[in-house]
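Data first, discussion second: the structure below is written as structure tokens.
One-based numbering along the sequence shown.
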Amino acid sequence: MHKNTFPLKEHLKSKRVIDRLYAEGTSVTAFPLRAVFIEQLPEEQETTAAILINVAKRRFRHAVDRNLLKRRIREAYRTGKHTFIDTLAKNNRKMAVAIMYIDTKKSSTDFLCRKMDKLLQNIIAKSGLQ
């Protein structure tokens, strides 16, 4: 049984890794979510997956709207991450992932959960892990 948690050690905070992620990363989309990901070396990262969540100020001017969407995206990732993490662990891989919200309208948590599952499956497929 898995715990549905999203601890701080799974948050991507390293500026060096974030810069490399946006410069060299591969992109996948499951509208309204877009992910950019890169594989990390085992010594670069302690967790299997490090996640960054981004909602653009250009699309949502009010901080309360951005924070609401980030909370919903975090919840969607937290509840659906287990197959993604298990696949990475089985293949002995580590990834850094930036998840961005690219729509201009707010989405419900249920809708984002379905799209997050699809997004994580797309990342697995595009990275060739299966």
Query - Side-chain touch Q40/M95, heavy atoms, less than 4.5 angstrom - result: no

Requested in this report: Using the test side chain to side chain donor-acceptor pair (under 3.5 Å), find all partners of D86 that sit at least two apart in sequence or belong to another chain.
Outcome: H2

Requested in this report: Flag yes if more than 12 heavy atoms outside K70 fall under 6.0 Å of its NZ atom; otherwise flag no.
Outcome: yes

Report task. Starting from the C-alpha separation in whole Å, work towards a yes-or-no answer on side chain to side chain contact (heavy atoms under 4.5 Å, CB included) for K126 and N122. Result -> CA-CA 6 Å; K126 193 149 187 183; N122 289 348; over 6 Å; no

Query raised in the report: For F6, does its backbone N or O pair with a side-chain atom of R78 as donor and acceptor, under 3.5 Å?
Result: no

Can you give the donor-acceptor pairs under 3.5 Å from side chains of residues 103-114 to other protein atoms, not counting sequence neighbours?
{"unit_1": "K106", "atom_1": "NZ", "unit_2": "D65", "atom_2": "OD1", "d": "3.1"}
{"unit_1": "S107", "atom_1": "OG", "unit_2": "Y101", "atom_2": "OH", "d": "2.8"}
{"unit_1": "S108", "atom_1": "OG", "unit_2": "F111", "atom_2": "N", "d": "3.3"}

**Report entry** Results of side-chain contact (heavy atoms from CB on, under 4.5 Å) for A23 - residues two or more places apart only
**Finding:** none

Query raised in the report: Nearest heavy-atom pair of A89 and T48: which atoms, and what distance?
Result: N-CG2, 4.0 Å

Query raised in the report: Roughly how far, to the nearest 0.5 Å, is the CG atom of L88 from the OG atom of S127?
Result: 7.0 Å

Query raised in the report: Which residues satisfy the side-chain contact (heavy atoms from CB on, under 4.5 Å) test with T83, sequence neighbours excluded?
Result: none

Query raised in the report: Given the rule that I, L, V, M, F, W and Y join up when any side-chain heavy atoms are under 4.5 Å apart, are I99 and F60 in one cluster?
Result: yes

Show me the donor-acceptor pairs, under 3.5 Å and distance only, between side chains in residues 24-36 and residues at least two apart or in other chains.
{"unit_1": "E24", "atom_1": "OE1", "unit_2": "R20", "atom_2": "NE", "d": "3.3"}
{"unit_1": "S27", "atom_1": "OG", "unit_2": "R34", "atom_2": "NE", "d": "3.1"}

Report task. With side chain to side chain contact (heavy atoms under 4.5 Å, CB included) as the test, would you mind laying out the steps for M116 and L119 before giving the verdict? Result -> CA-CA 5 Å; M116 181 63 71; L119 184 73; 4.3 Å; yes

Query raised in the report: When rounded to the nearest 0.5 angstrom, what is the spacing between CG in L8 and OG1 in T47?
Result: 11.5 Å

Query raised in the report: Below 4.0 angstrom, N of the basic side chain to O of the carboxylate: do K81 and E10 qualify?
Result: yes

Query raised in the report: Do you know which of V97, L12, V17 makes side chain to side chain contact (heavy atoms under 4.5 Å, CB included) with L52?
Result: L12

Query raised in the report: Can you name the nearest heavy-atom pair linking E46 to K94, along with the distance?
Result: O-NZ, 3.3 Å

Query raised in the report: Are there more than 12 heavy atoms of other residues, nucleotides or ligands under 6.0 Å from atom CG of N4?
Result: yes

Report task. Under the side-chain contact (heavy atoms from CB on, under 4.5 Å) rule, collect the residues that match up with N54, sequence neighbours excluded. Result -> Y22, M100

Query raised in the report: Any chain of hydrophobic side-chain contacts (each under 4.5 Å) joining L69 to I53?
Result: yes

**Report entry** same_hphob_cluster(F37, I85) at 4.5 Å side-chain heavy-atom cutoff
**Finding:** yes

Query - Hphob cluster co-occupancy, L120 + L21, side-chain heavy atoms under 4.5 angstrom - result: no

Query - R59 side-chain N/O to I102 backbone N/O, donor-acceptor pair under 3.5 Å - result: yes

Query raised in the report: Under a 4.5 Å side-chain heavy-atom rule over Ile, Leu, Val, Met, Phe, Trp and Tyr, are Y77 and I38 clustered together?
Result: no

Query - Pairwise distance CZ(R16) to CD1(I18) - rounded to 0.5 angstrom - result: 11.0 Å

